[in-house]
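Down below is the structure, laid out as structure tokens.
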Protein chains: 4
Amino acid sequence: MAGVNKVILVGNLGKDPEVRHLDNGRAVANFSLATSETYKNKQGERVTNTEWHNIVLWTPLAEIAEKFLKKGNQVYIEGKLTTRSWDDQDGNKRYTTEVVGREMTLLGGRPDGSSSGTGNGGDNMAESPVSNIPEDDTDDLPF
Amino acid sequence: MAGVNKVILVGNLGKDPEVRHLDNGRAVANFSLATSETYKNKQGERVTNTEWHNIVLWTPLAEIAEKFLKKGNQVYIEGKLTTRSWDDQDGNKRYTTEVVGREMTLLGGRPDGSSSGTGNGGDNMAESPVSNIPEDDTDDLPF
Amino acid sequence: MAGVNKVILVGNLGKDPEVRHLDNGRAVANFSLATSETYKNKQGERVTNTEWHNIVLWTPLAEIAEKFLKKGNQVYIEGKLTTRSWDDQDGNKRYTTEVVGREMTLLGGRPDGSSSGTGNGGDNMAESPVSNIPEDDTDDLPF
Amino acid sequence: MAGVNKVILVGNLGKDPEVRHLDNGRAVANFSLATSETYKNKQGERVTNTEWHNIVLWTPLAEIAEKFLKKGNQVYIEGKLTTRSWDDQDGNKRYTTEVVGREMTLLGGRPDGSSSGTGNGGDNMAESPVSNIPEDDTDDLPF
DNA sequence: TTTT
DNA sequence: TTTT
């Protein structure tokens, strides 16, 4: 029964997150994330191999994604692999594998090129680690 | 372009690995791995949620899997996520996500209940970490 | 300011955990964990390199360690690196680096070779993943 | 004997790497890396907790660090924990724990603010993942 | 399809 | 101090 199911990604968003706000007050964000590796092949040519991942974030990460993540941003995401099935129009069972994030950190510079020290305020935490994992004596919400 | 694409799993094999030996001398092993988590739901009932992962191992991990891994065995696998596409009989594009392992450790007791000290020899390393990552001054092959 | 500080270990306890119950109701467990890697050196000799880690677990993982972990057990531990300083008898500043666990899974067979189905009861969950990270709609305590 | 000893860090360099080139042709780089987490304490005040890690990189990562890493840069580092002992001037045994990197990715923007598209060339790969782990059919050196 |  |  013991199990570990962990995914660690550092990549760039292929597009802005799509965020849906559910009736129960929760939100869910979806976006694709590209992780690229570069190497030289036998011919000595530089080759880039890009892998795309389907990311799913739930409250409170979904709201943070909505506010701070944009197409092109580089993020660290830790989560778990989940595969769900559905029936397509031909009646075939199909499977989609997604990474459900549980920790997220926006990497690199200012989220959208804004300078620091703006009155925005939210900017101040955009590079902080955010998660839905409580620390001792802490409030894990970034603001 | 920087990227990290890492998966860490501890789970149990759903069945024996299927190993194909290719014409080019390489081998590839496939098997499904279950990772389970148990929790209590709101009604206080214990619930087990199992996720199945498609594992792919190439030489030399494939041969090690062939020799030492059996249905039910618990293993640690580190690898990367890859999604490949193919066309089904209805002409639809379909996708399969797999974990391509790059490091593997057989966990727990003797692989199949055999006692230690058999003449088999190979048994002695079945719980050693195996990988295709060279260490300094080392031979990464387990035997 | 963004940061990730993650340690993932699979190893064996060098001795039984030492558990202290604090006045504030919390408990803390300490033990050393060995992670070994085996390789062949240039002379073709098998060499084992063992690294020892100082593990610290707080409530509720400390109580779980107290009940289920014993010298020799193999565990998966995920946590973070922390270094604390203290002054030795010569007035020198000294540093100790520890891994503060936040998720733990007992690996392999029965904790101490006991068969399943004992009246102990607690035994039943000893191989379940345990953590202090809440899941949705779940009770993360193992019992 | 099975073991996993893995550290994953995303942090910022506290100072430029110190690189020594050894007589045997190998190089070793040392620097400290800060990983910070921010949270709100019980008083609702934002608190930042910074942990410092001793990083050690060997050839070829050492040379890459020498060329591309500078104080303040944000990097992803994957490696293993090692503790080595030494005797201090008072004859006491002392221990230092370090993270020996095996994979590294420079995060965020241009390494030192240089614009892209320079003739430098090396710039082009500074954000690529670098490691001493061979891929199939690849040259793992970044240039 | 695994495991407890 | 563990494990195989």
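So you know, we letter chains A, B, ... as the sequences are listed, proteins then strands, and number each from 1.
B:R20 CZ to B:R26 CZ: the interatomic distance, rounded to the nearest 0.5 Å, is 11.5 Å.
As a whole-Å value, the separation of C:K70 NZ from F:dT2 P is 16 Å. To the nearest angstrom, C1' of E:dT1 lies 11 Å from CG of B:D16. Here E:dT2 presents its P atom at 16 Å from CD of B:E51, a figure rounded to the nearest Å. For C:N49 and F:dT2, the CG to P distance is 16 Å, given to the nearest whole Å. Between C:H53 atom NE2 and F:dT1 atom C1' there is a gap of 13 Å when expressed in whole angstrom units. F:dT2 atom P lies 10 Å from atom CG of C:N12, rounded to whole Å. Between the NZ atom of B:K71 and the C1' atom of E:dT1 there is a distance of 7 Å, rounded to whole Å. Between B:N54 atom CG and E:dT2 atom C1' there is a gap of 14 Å when expressed in whole angstrom units.
Judged as a salt bridge (Lys or Arg N to Asp or Glu O under 4.0 Å), and not counting sequence neighbours, D:E51 has no contacts. Every side chain to side chain donor-acceptor pair (under 3.5 Å) that C:R84 has, sequence neighbours left out, goes to C:E98.
No side-chain donor from either of A:T83 and B:W52 sits under 3.5 Å from a side-chain acceptor of the other.
In this structure, C:W52 does not pack face-to-face on the six-membered ring of F:dT2, missing the 5.5 Å centre cutoff or the 30° plane limit.
Looking at the side chain of B:S36, the nearest of the listed nucleotides E:dT2, F:dT2, E:dT1 is E:dT2.
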